[in-house]
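What follows is a set of notes on a single structure, which appears directly below.
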Amino acid sequence: MKSQNANKVLSSPNKMVWSYFSALRRMCYRVEERSSDGYKKEDAALCVITAVTVVEVFLNVYFRILISEKPYKHAEERIQNDLKRQAPLDRKLKEWPEVVFGNKIDYGSGAGQRFMELKNLRNGLVHFSNTWETIDVSGATIHGLADTSAFDSLGEHSAIQSLKTAEEFLAELFRLRGIKKADIPGALHSWTGLAPEFQS
């Protein structure tokens, strides 16, 4: 929808989250179709990165909406300030649910733990640097090698699991907000485009 300012396009708040989830699903399908193990790893890495990104975009949009509602007005100043300052993802994950809902996400088990593992994997891929390893091969010493174990562990399973983990994490946030279990599939569909019949 065009606004009076010709350069501005206004959309429903869920558009970006829905679009990123749509892109993530397409990338997951592409990984499944790849015959080359190398291509699977490369595309799976993009899936991991995108899955964590879409959760952060969701947090930004969803909590901005929540603080406009009466039950969550108490958190408005805090969330607005964090958004303006582009607070790190870790702060949003660990503090926002408690500030807004009065409850923490359990990062020691379940969906919270799986998302933290995914985020750590993403960090290993995005913040990758040379570890300057040394090995001896047949009497020759090779210096300056990089540890690519995280990348080399990736495959088709990593892509699909990253998508599933992102969806499950959103469902956990909906549960924490107090959305009834029977209504969570509808909330997931609204935000991710995942139709209820395809939710397990």
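Counting begins at 1 with the first residue of the sequence.
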Determine whether L46 and V31 make a side-chain contact, defined as any pair of heavy atoms from C-beta on separated by less than 4.5 Å. no

Decide yes or no for Y62 and L170: does some side-chain heavy atom of the first lie under 4.5 Å from some side-chain heavy atom of the second? no

Joint cluster assignment, F115 & I160, ILVMFWY side-chain distance < 4.5 Å: no

Check whether the side chains of S149 and D152 place a donor and an acceptor atom closer than 3.5 Å, and report yes or no. no

Checking F101 against L66 for the side-chain contact (heavy atoms from CB on, under 4.5 Å) test, could you report, in this order, the C-alpha distance in whole Å, the side-chain angles of both residues, the deciding distance, and whether it holds? CA-CA 10 Å; F101 304 135; L66 288 175; 3.6 Å; yes

Are F174 and F169, when compared by the centres of their aromatic rings, separated by less than 6.0 Å? no

Rounded to the nearest 0.5 Å, the CD1 atom of I184 sits from the CZ atom of R175 at a distance of 7.5 Å

Y29 atom OH, neighbour heavy-atom count above 12 within 6.0 Å: no

Would you say D90 and K119 make side-chain contact, with heavy atoms under 4.5 Å? yes

Is the shortest side-chain N to carboxylate O distance from E33 to R30 below 4.0 Å? no

Close side-chain approach of V61 to M16, heavy-atom, < 4.5 Å: no

To the closest 0.5 Å, what do you measure between CG (L118) and SG (C47)? 10.5 Å

Around Q86, counting heavy atoms of other residues, nucleotides and ligands shown, do more than 12 lie under 6.0 Å from its CD? no

Under a 3.5 Å distance rule, please check whether D106 uses its side chain to pair with a backbone N or O of G112 as donor and acceptor. no

Between S19 and K15, is a side-chain contact (heavy atoms from CB on, under 4.5 Å) present by the stated rule, with each step listed? CA-CA 6 Å; S19 296; K15 179 182 178 176; 4.1 Å; yes

Tell me whether W18 is reachable from L24 by hopping between hydrophobic residues (I, L, V, M, F, W, Y) whose side-chain heavy atoms are closer than 4.5 Å. no

Going through the distances and angles, do F151 and E42 end up as a side-chain contact (heavy atoms from CB on, under 4.5 Å)? CA-CA 8 Å; F151 176 80; E42 292 167 5; 4.0 Å; yes

With distance as the sole criterion, is a donor-acceptor pair present between the side chains of S22 and R26 under 3.5 Å? yes

Presence of salt bridge, E117 and R114, under 4.0 angstrom: no

Heavy atoms only: give me the nearest P13-I65 pair and the separation to one decimal. CB-CD1, 3.5 Å

Judged by atom type as modelled, is there a donor-acceptor pair below 3.5 Å linking the side chain of N120 to the main-chain atoms of M116? yes

I'd like to know if R177 and E69 make a salt bridge, using a cut-off of under 4.0 Å between side-chain N and carboxylate O. yes

Does any non-hydrogen side-chain atom of L194 lie less than 4.5 Å from one of F21? no

Decide whether R25 and Y20 meet the rule of one side-chain donor and one side-chain acceptor closer than 3.5 Å. no

Pairwise side-chain contact, K40 with L154, heavy-atom cut-off 4.5 Å (strictly under): no

Answer whether the closest heavy-atom distance between the side chains of W132 and L145 falls below 4.5 Å. no

Quick check for you: to the nearest 0.5 Å, what is the distance between L121 atom CG and S162 atom OG? 9.0 Å

Can you name the one residue among Q80, H74, K73 that meets side chain to side chain contact (heavy atoms under 4.5 Å, CB included) with I67? Q80

What I'd like to find out is whether the side chain of E156 reaches to under 4.5 Å of the side chain of D37, using heavy atoms alone. no

Is the side chain of T53 donor-acceptor paired with the backbone N or O of I49 at a distance under 3.5 Å, no angle test? yes

Could you tell me which non-hydrogen atom of V54 sits nearest to which non-hydrogen atom of A51, and how far apart they are? CG1-O, 3.2 Å

Between the CD1 atom in I79 and the CD atom in E95, the distance rounded to the nearest 0.5 Å is 9.0 Å

Looking at D82 and K92, does any basic side-chain N land under 4.0 Å from a carboxylate oxygen? no

Would you check if the side chain of S36 reaches a backbone N or O of Y39 as a donor-acceptor pair within less than 3.5 Å? yes

Sub-3.5 Å donor-acceptor pair from the side chain of Y107 to the main-chain atoms of L93, do we have one? yes

Partner of P97 by side chain to side chain contact (heavy atoms under 4.5 Å, CB included), out of I105, L59, N103: I105

With rounding to the nearest 0.5 Å, note down the distance linking CH2 in W96 to CG in L89. 9.5 Å

Centroid-centroid distance, F58 to F63, less than 6.0 Å: no

Give, for atom NZ of K104 and atom CD of E98, the distance between the pair rounded to the nearest 0.5 Å. 4.5 Å

